[in-house]
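What follows is a set of notes on a single structure, which appears directly below.
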Amino acid sequence: MIIVTIICALVVALVIGLSLLTTSKGYAYKHTVDPHPDQQATEEKNEYNDKMAD
């Protein structure tokens, strides 16, 4: 009975440890957002017009 309790405690500790590790890595990840397609098209059009004006 004691062996089962020890194994259960080890499994619980392992699960908690892995949960904390993945949560920590998730918060450390730098999220980025792609530009909106309409905004990107407008910027490219402006750059093209600037090049043609020179």
Side-chain angles (χ1 to χ4, degrees):
M1 183 70 175
I2 275 268
I3 294 174
V4 173
T5 305
I6 292 172
I7 292 173
C8 290
L10 289 175
V11 169
V12 168
L14 179 66
V15 169
I16 290 173
L18 290 174
S19 298
L20 293 173
L21 179 69
T22 55
T23 301
S24 173
K25 285 188 178 267
Y27 278 116
Y29 183 79
K30 182 181 178 192
H31 297 277
T32 58
V33 178
D34 293 336
H36 192 274
D38 292 339
Q39 181 183 4
Q40 187 176 7
T42 303
E43 289 174 1
E44 289 174 359
K45 183 179 175 184
N46 290 341
E47 287 176 8
Y48 178 77
N49 289 338
D50 290 343
K51 286 181 183 178
M52 290 299 161
D54 290 339

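All of these numbers come straight from a predicted model, not from anything done at the bench.
Within the model, atoms CD1 of Ile3 and SG of Cys8 stand 12.0 Å from one another, a figure rounded to the nearest 0.5 Å.
By the side-chain contact (heavy atoms from CB on, under 4.5 Å) test, Ile16 pairs with Val12, Leu20, sequence neighbours left out. The side-chain contact (heavy atoms from CB on, under 4.5 Å) check on Leu10 picks up Ile6, with sequence neighbours excluded.
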Listed pairs under 3.5 Å, donor-acceptor, residues 24-31 side chains, sequence neighbours left out:
none

